[in-house]
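Let me begin by presenting the structure, written as structure tokens, before commenting on it.
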Amino acid sequence: AISRALAGLVRGAWRSQMTQLALVIDLNVCVGCHACVTSCKQWNTSGTAGALVDLNPYGADPNGTFFNRVQTFEVGEFPNTQTVHFPKSCLHCEDPPCVPVCPTGASYKRAEDGIVLVDYDKCIGCKYCTWACPYGAREFDEQRKVMTKCTLCVDRVTDKALPERERKPACVLACPANARLFGDVHDPDSVVSKAIADRAGYQLMPEWGTRPANHYLPRRKTEFRMHPEDLERVDNPLKIDVKPPETGHRGPGREDFAT
């Protein structure tokens, strides 16, 4: 037991010093436009990751492979509600549970930058990695019969032929709101490390002990004021039949005091 604990400490110390590329996603800025989803699909379909298949996309039971998805949901109760857009992809964990369960060694973590990848030539599509991943980040390609996942556009970020400013994942470059940051989370001077420190960035489901490299920046709480007249529906708001709308209040409204 002691030897295993020491081995874990040594392994953790070694990993803390290695480069760990990752994404930092600002949930306060993301507008759910899906530009990251479409750009990811386009780049990886035309790149080394291979075609990301779409099966029966316009039918009753569509199926397809995506490395990045945006989940949108509402929180709170009317009228105090918020719409949250939550992008999710592989988190490139520092202790990825998908790697040791792979019987062929197809799932592996690169030592030079910490990116978790799949070797399609070795993958047999057993889906063990899918069961091991607590985040549901792995996707089975029904056409090629292999497991797929986000690669952090490894073919792009390591391409020395590209200008340095373009050596970023396609989703980062496509985001119109700059909600996605990319860099080395082990470098305290990197833009991602500074964002995590300044904005209280957090990992997804840290209780699993996987040490996700990707982080999220929390939404900022803002006070939302709803005036009573905003909740009242007036009759004939479009003045149909040239009839003036009937308001529920006779006194001055907010717009009468606007400056």
Side-chain angles (χ1 to χ4, degrees), residues 11-37 39-40 66-76 82-99 109-110 112-117 133-138 149-154 156-157 164-165 167-224:
R11 185 170 61 252
W14 173 76
R15 285 176 176 168
S16 66
Q17 296 180 11
M18 64 178 281
T19 298
Q20 178 61 66
L21 298 180
L23 296 173
V24 172
I25 301 173
D26 191 345
L27 298 180
N28 194 62
V29 176
C30 178
V31 296
C33 67
H34 286 71
C36 57
V37 177
S39 63
C40 169
F66 289 84
F67 289 174
N68 178 47
R69 296 179 183 268
V70 177
Q71 300 172 345
T72 299
F73 53 93
E74 301 232 350
V75 296
Q82 295 186 43
T83 300
V84 178
H85 305 291
F86 196 89
K88 192 177 71 171
S89 58
C90 173
L91 303 174
H92 297 276
C93 302
E94 299 196 44
D95 288 314
C98 57
V99 171
K109 185 176 179 67
R110 285 164 52 107
E112 59 268 37
D113 50 29
I115 298 177
V116 179
L117 296 175
C133 176
Y135 308 104
R138 297 258 175 157
K149 58 176 291 299
C150 165
T151 66
L152 279 182
C153 292
V154 63
R156 184 185 187 97
V157 302
E164 187 173 356
R165 66 179 181 276
R167 295 178 205 163
K168 298 178 181 179
C171 61
V172 175
L173 295 173
C175 181
N178 292 324
R180 305 173 75 89
L181 305 175
F182 173 71
D184 181 8
V185 292
H186 285 177
D187 179 4
D189 296 324
S190 67
V191 62
V192 288
S193 293
K194 290 180 179 179
I196 294 171
D198 295 342
R199 292 279 310 281
Y202 64 91
Q203 297 172 320
L204 189 62
M205 297 163 57
E207 64 272 13
W208 285 97
T210 60
R211 300 171 62 200
N214 286 6
H215 285 66
Y216 290 89
L217 303 183
R219 290 174 59 87
R220 298 172 183 172
K221 293 183 179 180
T222 57
E223 182 180 359
F224 180 74

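Computed from a predicted structure; not experimentally measured.
For H215 (side chain) and V24 (main-chain N/O), no donor-acceptor pair under 3.5 Å exists by modelled atom type. With hydrogens and angles ignored, the 3.5 Å screen pairs a side-chain donor or acceptor of K88 with a backbone N or O of Y135. H92 contributes no side-chain N or O that, together with a main-chain N or O of I115, makes up a donor-acceptor pair within less than 3.5 Å. The backbone N or O of H186 lies less than 3.5 Å from no partner atom in the side chain of Q20, so there is not a single donor-acceptor pair.
Side-chain contact between C36 and V70 is present, with at least one heavy-atom pair separated by less than 4.5 Å. At least one side-chain heavy atom of L23 sits less than 4.5 Å from a side-chain heavy atom of C171. Under the 4.5 Å side-chain criterion, counting only non-hydrogen atoms from C-beta, L181 is not in contact with S190. Side chains of N68 and C150 form no contact here, defined as non-hydrogen atoms less than 4.5 Å apart. Looking at L27 and P87, their side chains come closer than 4.5 Å, going by heavy atoms from C-beta outward.
Nearest heavy-atom pair across T210 and P97 is CG2-CD, 3.7 Å. Smallest separation of non-hydrogen atoms from K168 and L173: O-CD1, 3.9 Å. In plain terms, the two heavy atoms of N214 and C90 that are nearest each other are ND2-O, 3.2 Å.
Once rounded to the nearest 0.5 Å, the distance linking SG of C133 with NZ of K149 reads 9.0 Å. The line from CD1 of I25 to SG of C175 is 9.0 Å long, rounded to the nearest 0.5 Å. A distance of 9.0 Å separates NE2 of H85 from SG of C33, quoted to the nearest 0.5 Å. Residue D113 holds its CG atom at 7.0 Å from CE of M18, rounded to the nearest 0.5 Å. In this structure, OG1 in T72 is found 5.5 Å from NE2 in H34, a value given to the nearest 0.5 Å.
A tilted orientation is assigned to the rings of F86 and F73, their planes being inclined by 30° to 60°.
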Distance-only donor-acceptor pairs under 3.5 Å for side chains of residues 195-205, two or more places apart:
unit_1	atom_1	unit_2	atom_2	d
R199	NH1	D26	OD2	3.1
R199	NH2	D26	OD1	3.3
R199	NH2	P218	O	3.1
Q203	NE2	P212	O	2.8

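Taking a 6.0 Å sphere around CD of E112, one finds it holds more than 12 heavy atoms contributed by other residues, nucleotides or ligands.
Residue pairs meeting the salt bridge (charged side-chain N to carboxylate O under 4.0 Å, His left out) criterion with at least one partner in residues 179-191, sequence neighbours excluded, do not occur; the list is empty.
For E74, the side chain to side chain donor-acceptor pair (under 3.5 Å) partners are T83, not counting sequence neighbours.
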